[in-house]
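Below you'll find the structure I mean.
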Amino acid sequence: MAIEKEEKHSLPPVGVWGPALALSWLVPGGGHLLLKRTGRGLLLMASISSMFVCGLMMRGVMFTPQSGDLLTTLINTGGFIGDLASGVLYLLTVWLGYNQPDVAGAVHDYGTKFLVTAGLLNILAMVDVFDIAVGRKD
Amino acid sequence: MPKMNLSHFEAAFLFSLFTSVVLGVVTKRTDRDRLHYGVYTFLCFFVALFGLGWLMYFGHG
């Protein structure tokens with residue numbers, strides 16, 4: 001009985017879900033496409049990429065990890081993780097030299113939030129891919 | 001890349017739209033539930049948007 005329960009909760013090998021999860025991080029919606037969930041993958045790709053591009057067009061700021069007081073560390077490190085979670089969108093943007101200084105203005109502020117939220121939504125998509133790959137979802 | 005100047009409403013609309021689509025897609029198990037949840041989330045964003053907008057308007061005096 002205990003062994004049966006353990007077998008039910010044990011994860012499949014990394015080779016089963018690892019590539020889909022990695023692709024899902026690198027290309028938003030890519031993990032779903034790899035797992036043959038084409039419609040959902042395309043919707044995720046369109047939404048997350050559009051949100052990221054809108055953030056860039058609003059000249060949002062990319063966070064970099066900074067140390068200092070607790071709030072500064074939390075905001076900047078959290079924001080950096082959010083930006084980084086967009087995968088290739090973030091990497092391309094940084095490699096192509098996007099460097100927007102932090103200036104006052106509602107549109108810039110919205111842009112910053114769009115960039116971070118795109119990454120956070122991609123994390124949700126990654127969790128979904130993981131669930132599908134290990135068989136918790138169809 | 002061209003610069004985009006949006007009003008608060010337009011930015012909040014786009015934010016709500018993209019977020020609702022993703023939340024609908026990743027949280028439910030059937031297409032019908034996904035659609036319903038996506039629309040529900042979008043409406044919730046809008047209720048909050050207008051509710052907070054009016055609250056700030058009256059709170060500001």
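Quick caveat: nothing in here was measured; it's all calculated off a predicted structure. Proteins get letters first, then strands, A, B, ... in listed order; numbering begins at 1 in each.
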Worksheet item: Can you find a pair of side-chain heavy atoms, one from A:Met57 and one from B:Lys3, that are under 4.5 Å apart?
Response: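 Heavy-atom side-chain distance check fails, nothing below 4.5 Å.
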Discussion item. Is B:Leu17 in contact with chain A via its backbone, its side chain, both, or neither, using a 4.5 Å heavy-atom distance?
Written reply: neither
Worksheet item: Under 3.5 Å, is there a donor-acceptor pair between the side chain of A:Lys113 and the main chain of B:Phe15?
Response: no
N/O donor to acceptor pairs below 3.5 angstrom from side-chain atoms of residues 13-36 of chain A, sequence neighbours left out:
unit_1, atom_1, unit_2, atom_2, d
A:Trp17, NE1, A:Pro12, O, 3.1
A:Trp25, NE1, A:Leu84, O, 3.0
A:His32, NE2, A:Asp128, OD2, 2.7

Worksheet item: Can you say whether A:Ser50 sits under 4.5 Å from chain B via the side chain, the backbone, both, or neither, judging by heavy atoms?
Response: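 Answer is both: backbone and side chain atoms of A:Ser50 are under 4.5 Å from chain B.
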Discussion item. Less than 4.5 Å apart, side chain to side chain, heavy atoms only: is that true for A:Phe114 and B:Leu14?
Written reply: yes
Worksheet entry | B:Tyr40 atom OH, over 12 foreign heavy atoms within 6.0 Å |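 It does not: B:Tyr40 OH has 12 such atoms or fewer within range.
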Fill in: Audit row: A:Tyr98, B:Met1, side-chain contact (heavy atoms from CB on, under 4.5 Å) steps and yes/no
CA-CA 10 Å; A:Tyr98 180 82; B:Met1 182 167 285; over 6 Å; no
Worksheet item: Which atom pair, heavy atoms only, marks the closest approach of B:Pro2 to A:Arg59?
Response: O-NH1, 3.7 Å
Item to complete: Answer yes or no: is there a side-chain heavy-atom contact under 4.5 Å between B:Val26 and A:Val127?
Response: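 B:Val26 vs A:Val127: side chains apart.
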Practice prompt. Could you state whether B:Tyr37 and B:Leu35 fall into the same hydrophobic cluster, counting links through intermediate Ile, Leu, Val, Met, Phe, Trp or Tyr residues with side-chain heavy atoms under 4.5 angstrom apart?
Written response: no
Worksheet item: Considering only heavy atoms from C-beta outward, does the side chain of A:Met51 approach that of B:Thr19 to under 4.5 Å?
Response: yes
Practice prompt. May I ask you to name which of A:Ile132, A:Leu121, A:Ile48 has the most heavy-atom pairs under 4.5 Å with chain B?
Written response: A:Leu121
Worksheet entry | Note, B:Arg34 side chain near A:Arg40 side chain (heavy atom, < 4.5 Å) | yes
